[in-house]
Amino acid sequence: MASEDVVGKSRGDTAVTTIVNLAEEAKLAREGVKAPGHQILTICKSLVAGGVAGGVSRTAVAPLERLKILLQVQNPHSIKYNGTVQGLKYIWRTEGLRGLFKGNGTNCARIVPNSAVKFFSYEQASKGILWAYRQQTGEEDAQLTPLLRLGAGACAGIIAMSATYPMDMVRGRITVQYRGMFHALGTVYREEGFRALYKGWLPSVIGVVPYVGLNFAVYESLKDWLLQTNSFGLANDNELHVVTRLGCGAVAGTIGQTVAYPLDVIRRRMQMVGWSHADSIVTGQGKEALQYNGMIDAFRKTVRHEGVGALYKGLVPNSVKVVPSIAIAFVTYEVVKDVLGVEMRISD
């Protein structure tokens with residue numbers, strides 16, 4: 001009898017514990033607090049959405065991305081092509097279809113984790129900044145301002161760029177030569193050392209502050225403005241059509257890349273320094289290769305030898321590329337999150 005009482009008591013305690021746990025989970029759900037397992041799953045889904053968005057958007061514009069880099073580092077003493085159409089025709093004629101997508105595998109290998117980290121970092125930075133802003137102002141219903149979004153975007157850009165910079169560095173070289181990512185990484189490390197993998201890091205980090213910051217700030221602010229004012233009748237049931245969101249992303253991408261483009265050119269130039277195979281590409285046959293002591297020195301020498309226009313080499317194909325790329329990335333990210341059932345939104 002005693003043992004039966006113990007077993008019965010044990011079963012009763014287990015049942016009570018189960019009921020208590022279920023009640024706690026229900027309470028957390030009502031309060032909007034998710035269980036740790038649910039939070040981890042949400043984070044993973046958010047990272048997947050960001051990675052898919054980056055891969056899809058970059059592959060769609062891969063030929064223009066390669067042309068942009070080739071224009072940025074093209075031999076100024078032996079111009080082979082000046083425009084977007086002429087450049088694409090030249091690549092097609094000399095290298096075929098594969099030439100248009102050369103380096104895209106490495107590019108996607110870099111952009112997928114970069115995009116995943118960037119979108120997720122922006123969400124987290126936005127929440128942290130919004131919390132601090134509400135604490136400072138004492139307004140519990142305060143929302144992110146365009147300036148605060150710019151700050152969150154800048155933080156996300158710096159984190160993502162720093163995490164994936166070595167792959168970005170070798171991507172620029174693969175576009176010009178090298179057989180693939182691992183061949184490029186191994187050769188750079190063997191011939192130039194580990195520090196070479198971070199050449200141009202400073203202008204890159206400085207560049208992502210206005211670029212990524214403006215991308216997020218303009219995109220989110222423009223969406224909010226359209227939803228609040230219903231300008232041009234584009235808002236329907238507090239939602240924007242996919243085409244409208246693509247337009248918002250295009251505007252954001254155009255503004256961001258125009259402001260940050262000169263830094264991107266200098267970054268590519270600095271990445272080429274120390275690479276013997278790039279001498280004839282960046283300088284010219286029989287010419288002495290330029291050496292840069294830093295970002296400011298690179299700016300000064302580029303303008304002195306090639307003029308201010310050199311800071312905007314490849315801007316046209318880059319603009320044509322950025323418009324669909326950024327737009328596709330934002331919309332793909334939101335669509336994939338809808339498919340995966342992620343509640344967390346960029347502007348939440």
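What you see is a predicted model; the values in this text were computed from it and never measured.
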Inset, instruction - Determine, stepwise, if the pair Leu197 / Glu192 fulfils side-chain contact (heavy atoms from CB on, under 4.5 Å). - result: CA-CA 9 Å; Leu197 295 173; Glu192 304 171 48; over 6 Å; no

Inset, instruction - Determine the minimum heavy-atom distance between Ala60 and Ile328, stating which atoms define it. - result: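 It is CB-CD1, 4.2 Å.
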
Inset, instruction - Indicate yes or no for a side-chain donor-acceptor contact from Arg66 to the backbone of Gly99 under 3.5 Å, with no hydrogens or angles considered. - result: yes

Legend entry - Salt bridge flag under 4.0 Å for residues Glu123 and Lys337: yes

Legend entry - Under 3.5 Å: donor-acceptor pair, side chain of Arg134, backbone of Glu140: yes

Inset, instruction - Working to the nearest 0.5 Å, report the span between CG of Asn230 and CD of Gln228. - result: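 Result: 11.5 Å between the selected atoms.
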
Inset, instruction - Ignoring hydrogens and angles, state whether a donor on the side chain of Tyr333 or Ser115 is under 3.5 Å from an acceptor on the partner side chain. - result: no

Legend entry - Minimum-distance pair of heavy atoms, taken over all atoms of Leu88 and Pro63: CD2-O, 3.9 Å

Legend entry - Lys45 side chain to Leu340 backbone, donor-acceptor under 3.5 Å: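 Flag set: sc Lys45 to bb Leu340 pair under 3.5 Å.
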
Legend entry - Pairwise distance OG1(Thr145) to CG(Leu150) - rounded to 0.5 angstrom: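 One finds 9.0 Å between OG1 of Thr145 and CG of Leu150.
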
Inset, instruction - Group every Ile, Leu, Val, Met, Phe, Trp and Tyr by side-chain heavy-atom contacts under 4.5 Å, then state whether Val48 and Val342 land in the same group. - result: yes

Inset, instruction - Mind checking the CD1-CZ spacing from Ile111 to Arg58? Nearest 0.5 Å is all I need. - result: 4.0 Å

Legend entry - In one Ile/Leu/Val/Met/Phe/Trp/Tyr side-chain cluster, 4.5 Å: Tyr261, Val308: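 Looking at the clustering, Val308 is in the same group as Tyr261.
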
Inset, instruction - Answer yes if Leu67 and Phe101 sit in the same cluster of Ile, Leu, Val, Met, Phe, Trp and Tyr residues linked by side chain heavy atoms under 4.5 Å apart, and no otherwise. - result: yes

Legend entry - Phe194 and Tyr189 aromatic ring geometry - parallel, tilted or perpendicular at 30°/60° bounds: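 Ring orientation of Tyr189 relative to Phe194: perpendicular.
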
Inset, instruction - To the nearest 0.5 angstrom, please state how far the SG atom of Cys155 sits from the NZ atom of Lys118. - result: 14.5 Å

Inset, instruction - Report the distance from atom SG of Cys248 to atom CG of Leu240, rounding to the nearest 0.5 Å. - result: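 Separation between the atoms: 6.0 Å.
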
Legend entry - Side-chain donor or acceptor of Ser46 paired with backbone N/O of Thr42 under 3.5 Å: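 No: the side chain of Ser46 does not pair with the backbone of Thr42.
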
Legend entry - Stepwise side-chain contact (heavy atoms from CB on, under 4.5 Å) test for Leu311 and Phe299: CA-CA 8 Å; Leu311 296 175; Phe299 265 110; 3.7 Å; yes

Legend entry - Audit row: Arg245, Tyr219, side-chain contact (heavy atoms from CB on, under 4.5 Å) steps and yes/no: CA-CA 8 Å; Arg245 285 183 283 163; Tyr219 179 73; 3.8 Å; yes

Legend entry - Verdict with reasoning, Glu220 to Tyr122, per side-chain contact (heavy atoms from CB on, under 4.5 Å): CA-CA 12 Å; Glu220 290 300 313; Tyr122 177 77; 3.8 Å; yes

Inset, instruction - Output yes when a side-chain donor or acceptor of Asn114 lies under 3.5 Å from a complementary backbone atom of Ala160, and no otherwise. - result: yes

Legend entry - Backbone of Ala260 reached by a side-chain donor or acceptor of Tyr211 within 3.5 Å: no

Legend entry - Nearest-0.5 Å distance, CD1 of residue Ile91 to CG of residue Leu100: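 Between Ile91 CD1 and Leu100 CG, I get 6.0 Å after rounding to 0.5 Å.
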
Legend entry - Backbone N/O of Gly54 and side chain of Ser57: donor-acceptor pair under 3.5 Å: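 A pair under 3.5 Å: yes.
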
Inset, instruction - Examine distances only and state if a side-chain atom of Thr254 and a backbone atom of Ala250 form a donor-acceptor pair shorter than 3.5 Å. - result: yes

Legend entry - Connected via hydrophobic side-chain network under 4.5 Å: Phe120 and Val117: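 In one cluster: no.
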
Legend entry - Glu334 bridged to Lys223 by N-O distance under 4.0 Å: yes

Legend entry - Whether over 12 other heavy atoms sit under 6.0 Å from Arg195 CZ: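 Counting neighbours around CZ of Arg195, 12 or fewer heavy atoms of other residues, nucleotides or ligands fall under 6.0 Å, so no.
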
Legend entry - Closest non-hydrogen atom pair between Ile159 and Ser121, with its separation: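 Shortest heavy-atom contact: CG2-OG, 3.8 Å.
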
Inset, instruction - Give a yes or no on whether Val303 and Ile206 share a hydrophobic cluster (residues Ile, Leu, Val, Met, Phe, Trp, Tyr; joining criterion: side-chain heavy atoms under 4.5 Å apart). - result: yes

Inset, instruction - Without swapping roles, check the side chain of Arg149 against the backbone of Phe216 for a donor-acceptor pair under 3.5 Å. - result: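 Not at all, since once roles are kept as given, no pair shorter than 3.5 Å links the two residues.
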
Inset, instruction - Using a strict 4.0 Å threshold on nitrogen-to-oxygen distance, state whether Glu306 and Lys313 make a salt bridge. - result: yes

